[in-house]
Amino acid sequence: MSFAVHFSFASTKSGDLVASGGFKEGCSEATLKSLAVLGKTHNVNRVIVEANFGDGVFTQLLKPVFTRVHPVTIEEVKHSTQKERRICDVLEPLLNQHRLIVDAAVIKRDHEAEPHRQLFYQLTRVTRDRGALINDDRLDALAIAVTYWVEHMARDTDKAADEHKAALLEQELRSFSEHIFGAPTDSDLRWCNIG
């Protein structure tokens, strides 16, 4: 049995799409090493693998290669929803807001692939209907990357909001304390008087 491996790499700083493509050789050592080298080239710090195919075998093959070439965190995701609907649900809001930023080299390299294997061919022809595309693997890899970045950015926003609320609370408590007890002096902060 053989299968193709598809990937999308996004910038660790901005989330911009900096690489996308695929390998027809499946789990070969050359494919695994090429993925690790691409990860190193683009300074990837997290690799997300869809575990639905092979039930995690690909991840186990990938881990030692990345460990040798460019150590990263590797995690798996599993999907139980219809693929086309999931892809559209993830990408449509981003595309409607013109927020998907793609490196020009990705577009040029994609144009050189066979038409049905091109990311942008798949992107412009996908619908929510089951089986809308014969090949949707590159688009699926992009959707997985985008899902990670959307969740990651939401977590960062939530964390920043929580930190801001904590700072406001601390400031309000300090103000309340000064109002009730008066402004603290250095001698108020000691357990006992020295001197």
Side-chain angles (χ1 to χ4, degrees), residues 3-81 83-95 97-107 109-110 113 117 119-120 122-123 126 136-163:
F3 65 96
V5 174
H6 301 277
F7 64 89
S8 288
F9 288 127
S11 166
T12 55
K13 292 180 182 170
S14 61
D16 301 354
L17 184 63
V18 294
S20 179
F23 298 97
K24 293 180 181 178
E25 300 83 27
C27 291
S28 72
E29 185 67 27
T31 296
L32 299 174
K33 185 166 184 180
S34 295
L35 282 171
V37 168
L38 274 169
K40 184 175 184 176
T41 301
H42 296 290
N43 197 26
V44 170
N45 57 14
R46 181 175 308 270
V47 174
I48 301 166
V49 178
E50 186 176 28
N52 294 21
F53 184 82
D55 201 27
V57 172
F58 184 73
T59 303
Q60 296 307 316
L61 293 171
L62 197 58
K63 281 181 180 179
V65 178
F66 261 97
T67 300
R68 280 193 314 269
V69 177
H70 180 68
V72 296
T73 301
I74 298 178
E75 66 183 62
E76 291 184 333
V77 294
K78 286 192 176 196
H79 299 110
S80 58
T81 59
K83 184 190 282 190
E84 294 84 359
R85 186 172 305 274
R86 177 178 48 79
I87 289 170
C88 289
D89 287 347
V90 168
L91 295 178
E92 188 175 22
L94 198 71
L95 295 172
Q97 296 175 17
H98 306 283
R99 294 190 179 236
L100 180 63
I101 301 169
V102 181
D103 189 291
V106 172
I107 298 169
R109 184 166 182 251
D110 186 59
R117 299 218 179 266
L119 170 65
F120 294 99
Q122 295 172 11
L123 180 63
V126 69
D136 58 9
D137 294 331
R138 292 185 187 190
L139 188 58
D140 192 22
L142 174 63
I144 291 169
V146 166
T147 298
Y148 168 77
W149 279 106
V150 167
E151 291 172 357
H152 179 72
M153 289 177 184
R155 279 194 304 264
D156 285 352
T157 303
D158 291 344
K159 182 179 176 186
D162 290 345
E163 288 172 355

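Everything numeric here is computed off the predicted structure, so don't read it as measured data.
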Student check: side-chain heavy atoms of His70 and Thr41 closer than 4.5 Å
no
Heavy-atom closest contact (Gly21 atom, Arg109 atom, distance)
CA-NH1, 4.1 Å
Lys33/Glu25 ion pair, N-O < 4.0 Å:
no
Results of ring-ring contact (aromatic ring centres under 6.0 Å, His included) for Phe66 - residues two or more places apart only:
none
Please give me the minimum heavy-atom distance between Leu139 and Leu123, naming the atom from each residue.
CD1-CD1, 3.6 Å
Keeping Thr147 on the side-chain end and Ala143 on the backbone end, is there a donor-acceptor pair under 3.5 Å?
yes
Salt-bridge criterion met for Arg86 and Asp140 (N-O under 4.0 Å):
yes
Would a 4.5 Å heavy-atom cut-off, applied to side chains only, mark Val146 and Leu142 as touching?
yes
Work out which heavy atom in Gln122 is nearest to a heavy atom in Arg138; give both atom names and the distance.
OE1-N, 3.3 Å
Rounded at 0.5 Å granularity, tell me how far NE2 in His79 sits from CD in Glu50.
5.5 Å
Where is the tightest heavy-atom contact between Asp103 and Val18, given as atom of each residue plus distance?
CB-CA, 4.1 Å
Report yes if the side chains of Thr59 and Ile74 come closer than 4.5 Å at any heavy-atom pair, otherwise no.
yes
Looking at every non-hydrogen atom in both residues, tell me the closest pair between Leu32 and Cys27 and how far apart they are.
CD1-O, 3.7 Å
Can you tell me how far the CG atom of Leu61 sits from the CD atom of Glu29, to the nearest 0.5 Å?
9.0 Å
Tested for side-chain contact (heavy atoms from CB on, under 4.5 Å) against Leu62, the lone hit among Val57, Val47, Thr67 is Val47
So how far is it from Gln97 CD to Glu92 CD, rounded to the nearest 0.5 Å?
11.0 Å
Has Glu76 got a side-chain atom pairing as donor or acceptor with Ala51's backbone, closer than 3.5 angstrom?
no
Do Phe120 and Val102 have side chains that approach each other closer than 4.5 Å (heavy atoms only, starting at C-beta)?
yes
Among Ile107, Asp110, Asp136, Asp137, whose side-chain contact (heavy atoms from CB on, under 4.5 Å) with Leu119 holds?
Asp110
Could you tell me the separation between the CG atom of Leu35 and the CZ atom of Phe58, rounded to the nearest 0.5 Å?
5.5 Å
Work out which heavy atom in Pro93 is nearest to a heavy atom in Cys88; give both atom names and the distance.
CD-O, 4.0 Å
Looking at CG of Asp16 and CG of Leu100, how far apart are the two atoms once the value is rounded to the nearest 0.5 Å?
8.5 Å
